[in-house]
Structure formats: C-alpha cells, structure tokens
Number of protein chains: 2
Amino acid sequence: MQLLLVEDNQTLGQAVEIGLSQRQFTVTWVRTGAAAISNFNRQEYDVAILDLGLPDIDGERVLQSIRKKGVDIPILVLTARDQTSDIIHLLDAGADDFMTKPFDVNELAARLRALLRRRSGYASATIECGPIAIDTSSREAFVNGHEITLSRKEYELLQLFVMQPMKVHPRDKIEALLSSDTHVVESNALEVHVHNLRKKLGQRELIETIRGVGYRLRCKN
Amino acid sequence: MQLLLVEDNQTLGQAVEIGLSQRQFTVTWVRTGAAAISNFNRQEYDVAILDLGLPDIDGERVLQSIRKKGVDIPILVLTARDQTSDIIHLLDAGADDFMTKPFDVNELAARLRALLRRRSGYASATIECGPIAIDTSSREAFVNGHEITLSRKEYELLQLFVMQPMKVHPRDKIEALLSSDTHVVESNALEVHVHNLRKKLGQRELIETIRGVGYRLRCKN
DNA sequence: AATTTATCTTAAGAAATATTTAAGAAAACC
DNA sequence: GGTTTTCTTAAATATTTCTTAAGATAAATT
C-alpha cells in the first residue's frame, strides 16, 4: 500500500515511517508543502498523511491545492491538539480524517486502513477485533456478524476500544473523550456505559477491567 | 532515563525534579537558557523539558538553536500561554509535545514516556529483566512469556525493580513510592506486597532481601 | 546457644474500587 | 408539545486490594 507522508518534524516523521513500514505500508516521506504538491501530482499513492505545521506552505493550502487538481485519495491530517474549530475547516477543505498529536501509531494505522477500505468500492469501513466489528462510516456494530444497537456514547466507547485493542485506556482519558465538558467530578457515568456495553456485547469478559487504571478490549487479532 | 530540565522557577522546578525522580527519571536541572544549550551539546540525555519563560534567552530560540545543532532528542515544552497559534510555532521549531502550566506531574511523566516510546519506533514499551518483562503502557507483566495478573501496588513495585535492576531499593524509598501518604509509621505492608509479588513471580529468589536496607531485583541484564 | 532483631507468612478485617439497579434529567425524535 | 430514547446520578451490592496484627522463621548479636 503506497502512502505519502508529509511531515517536517524529524522525530515524528521517522517514528511514523518506521511504524507504518512495519504495518505493510510503503512510505514516501517528504518534508515540505512544495514537495508534497509535486508528489501528489504524480498520483501514485493510495493514501496520504499531511501535517498541518509545515515550514513553507500552510497545510490547509496544500490540502486545497491538491484537491483542486482532482487528487481524490484519502488524506488524514495531523494537527496540534485541541484545534477543534480548525478541524471543521479541514474536513471542508477535503480532509477525510484527522488525528491530534501526540498519537499512537496503532490507531493511525487502523484509521488509515479504515479510510482505504471506505474508498475501495466495497465501501464498508469496517474494523474487526475478534468477534466484534464496527463500521466507522455507518456507525454500526456487530458481534459474531449480528448487528447490535448502540447508543452514541456506547458506540464511541466501542470504537475507541476496537481502534486500539489490547491497549489499556485510562478512565480519565475515556471520560475526556466521552464528555465534551472540560471537567466532570465524581461520576460513575463511564462505569454505567461500560456496563451497558458489556451487556449488549454479550460476552462480558471482552472488556477487561484494569483496576485503578481503566479498561481494555481483549481480543486476539 | 536521563532527563534535562530547563526551568528558572524554583518552586516549579523543584516539584518537577522530585516528581520525576520518583518516577525513575534521572533529572539534571538547569535554570538558564545558556546552561541549557551547553548541556544539550553534551548529548547525553534521553529527553528534555524546556520552559519557555527563561530569564536570559527566549525558550523558542533555545529550541531552534539546539535543533540546528542536530540535537534530536524529544523535547517537551512548558508554556503558560495556551494559545494554539504559539503551539504550532513551537512544534515547527522542533518541539515534540507541550504542556500548559499548571499541570499534573503524572501526566507529565506519562507524556515523557510516550515521547520516549515514539522515538524508539513505537516498539512496545516493554522492559525486560531476566525472565521478567513488563509493558509500561498496558501495565502487563510477564514471567517467561506468560502473563501474570498484578494488583496496582504489586505492579508498581515490580516496575520499580525492573527499571533499576540490581539496584538496592531502601525500604523507606519504596514505601514512599507505594503510599501516597506522606508518613506511614510501623507497618509491614511493604513486606506483604513483596511476599505476594514473589509468590506471583514464582521464582522467590528473584527479589533479594538486603537485610536492614531494602530489596533488589536479581537478574543478569 | 540463647537472645535480640528483622523479615516472612498467614489470615482476617478495613478500605478502596467496580458493578449493578433504578429513577430522574436531558436530549433527541416525531 | 408530547413521546421516546439516552445520559447521568445516586445508592446498594459485590469484588478486589490493602493494611493490620500476630505468630513463625531466619539472620545477626551477645
């Protein structure tokens, strides 16, 4: 799978290059917006990662420029954290997904695969994990092929788990993700959601409790 | 893990120094930009924390200067300003992550570990020591490749040992680490934890008792 | 060898943390 | 505006983990 990585930071770029190479991507790494544009024109990539903070040209301009030229490969944008307002901009400008730095390369790879699947005709952007499968575009969830109906928060919780299976998700991180409020004190909302999700999943032990830390999804992939 | 802390504020610097020392970082603390640059040149650190508000040189200049010299260790920037525009600047200038003051030392430590992990090609954060291995991100522990389930204190104890094998850990230091309370008198809680950990590890002699002092982990690494 | 001191082991109660329920509040839907 | 669904809160229950305490064992001291 051919991937174009546009990233000026040496450390981050190297980490992504190594990480994705290990995960069956063929990575071409350029460090400037100019190089990105000329490479995009060659149209030989399946997917691209674009960092917004480029030294020469603004990342958003790069995005607009290549979309204008008819390049329609999926592009995942990297941004500094908490630029949520900008994100709407970016999606308008033609970005397909985004991630905030710093991020986990496993999740990056999962999202890239989802983007590729969505584009490849057969359309469904499903991510599987043991008996569980989710479709990130339609937000459907399945257990052993049978669809289960999840609420919004339940789905988001499950997507978090499926995107980084076997990873321990600290409860405060999950809470931050689930609640838009900046600060919530003393609430067991997360526990209740986990409880309801477990019930809907049927197999209770799929979501493992790491006492004092958080939860993780156990599945052999 | 060698860490360079560049921070002029006495209170904050001290808090970080103590907090990170307890979390297995070896902290070198300098208070000026000039000292920072000369220390960076020695290139013997794994990671650095850089406060922007320095008395002599602007932190951003320090960052640019050391990056220009080819120092490529991960640098986490501390900033009072939480304006994303500045942050993008900083990431461009070569920062790998940032935190706004005030912050939580636990999160600081977690982010530093994340940076270190990312740098090493996202190789999973496992630390090995003889037959023992721990994964600091998932908090899993293994003996001869088989996972063992540890409680929080047991895991923390083992991590302490594994991170500095063959080092003799005085009991008071361990107690301070295990209990969040400042002062605990007359308790054999530590002994009980060591006992339970030994039992779970199987091989009892791995944790050696240094009578009158403390414990240490025996392993040929 | 007897005594002292430190550590080990065990078990039980206390404390901390997680699960489950149910009900009211909020949000979404029609 | 009323209905339905989803989310949060709170209290009761269950579970795990931590600490305490007391006797057993081992090492050092006399």
Side-chain angles (χ1 to χ4, degrees), chain A residues 138-141 147-161 168-218, chain B residues 106 139-141 147-161 168-218:
Chain A
S138 64
R139 299 175 71 87
E140 289 169 317
E147 184 171 359
I148 54 173
T149 309
L150 300 181
S151 74
R152 190 178 68 83
K153 302 237 163 170
E154 284 159 10
Y155 174 81
E156 274 174 19
L157 194 53
L158 184 60
Q159 173 166 308
L160 176 74
F161 285 142
V168 176
H169 299 274
R171 25 189 335 122
D172 55 339
K173 292 276 157 85
I174 306 177
E175 272 164 354
L177 189 92
L178 288 186
S179 73
S180 47
D181 303 338
T182 44
H183 200 60
V184 183
V185 278
E186 298 286 324
S187 160
N188 68 342
L190 170 59
E191 278 100 328
V192 176
H193 283 128
V194 168
H195 171 247
N196 292 330
L197 184 54
R198 277 174 169 157
K199 201 149 67 179
K200 289 187 181 179
L201 288 177
Q203 294 150 279
R204 188 137 315 194
E205 65 285 358
L206 278 172
I207 298 173
E208 186 185 7
T209 306
I210 313 296
R211 199 162 241 266
V213 187
Y215 298 90
R216 76 169 160 182
L217 186 65
R218 281 206 89 93
Chain B
N106 285 311
R139 300 176 69 92
E140 288 169 315
E147 184 172 358
I148 54 173
T149 309
L150 300 181
S151 76
R152 181 159 34 165
K153 302 238 162 168
E154 284 159 9
Y155 174 81
E156 273 169 21
L157 194 53
L158 183 60
Q159 174 167 303
L160 176 74
F161 286 141
V168 177
H169 298 274
R171 22 187 336 122
D172 56 339
K173 290 272 163 81
I174 305 177
E175 272 165 354
L177 190 90
L178 287 187
S179 74
S180 48
D181 304 337
T182 44
H183 200 59
V184 183
V185 278
E186 297 288 321
S187 160
N188 68 341
L190 171 58
E191 274 114 317
V192 176
H193 283 129
V194 169
H195 170 247
N196 291 331
L197 183 54
R198 277 173 169 157
K199 198 149 69 179
K200 288 188 180 178
L201 289 177
Q203 295 150 278
R204 189 137 316 193
E205 65 285 358
L206 278 171
I207 297 173
E208 185 185 6
T209 305
I210 312 296
R211 207 181 160 80
V213 188
Y215 299 90
R216 76 167 161 179
L217 187 65
R218 285 204 85 93

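Below, chains carry the letters A, B, ... as their sequence lines are ordered, and counting in each starts from 1.
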Selection from dC18(D), dA18(C), dT8(D) that lies nearest to any side-chain heavy atom of T209(A): dA18(C)
Separation of atom CG in L178(A) from atom P in dT8(D), rounded to whole Å: 8 Å
L190(A) CG - dT9(D) C1' separation (whole Å): 14 Å
For atom CZ of R198(A) and atom P of dT21(C), their distance in whole Å: 13 Å
Donor-acceptor pair present, N196(B) side chain and dT9(C) base, under 3.5 Å: no
Main-chain N/O of A189(A) paired to H193(A) side chain as donor or acceptor, under 3.5 Å: yes
Residue S151(B), side-chain heavy atoms: nucleotide from dT20(D), dT17(D), dA10(D) that is nearest: dT17(D)
Residues forming a ring pair (Phe, Tyr, Trp, His ring centres under 6.0 Å) with H169(B), sequence neighbours excluded: F161(B)
Spacing of H195(A) atom NE2 relative to dT13(D) atom C1', expressed in whole Å: 12 Å
Touch class at under 4.0 angstrom, heavy-atom based, for V194(B) against every strand present: nothing
From dC18(D), dC8(C), dT20(C), nucleotide with atom closest to E191(B) side chain: dC8(C)
R211(B) (side chain) and dT7(C) (base): donor-acceptor pair under 3.5 Å: no
No-hydrogen, no-angle side-chain donor-acceptor test under 3.5 Å, R198(B) and T209(B): yes
Closest to side chain of Y215(B), choosing from dT19(C), dT10(C), dC8(C): dC8(C)
Under 4.0 angstrom between R152(B) side-chain N/O and dA18(C) OP1 or OP2: no
Qualifying residues under side chain to side chain contact (heavy atoms under 4.5 Å, CB included), relative to E208(B), sequence neighbours excluded: I210(B), R216(B), R218(B)
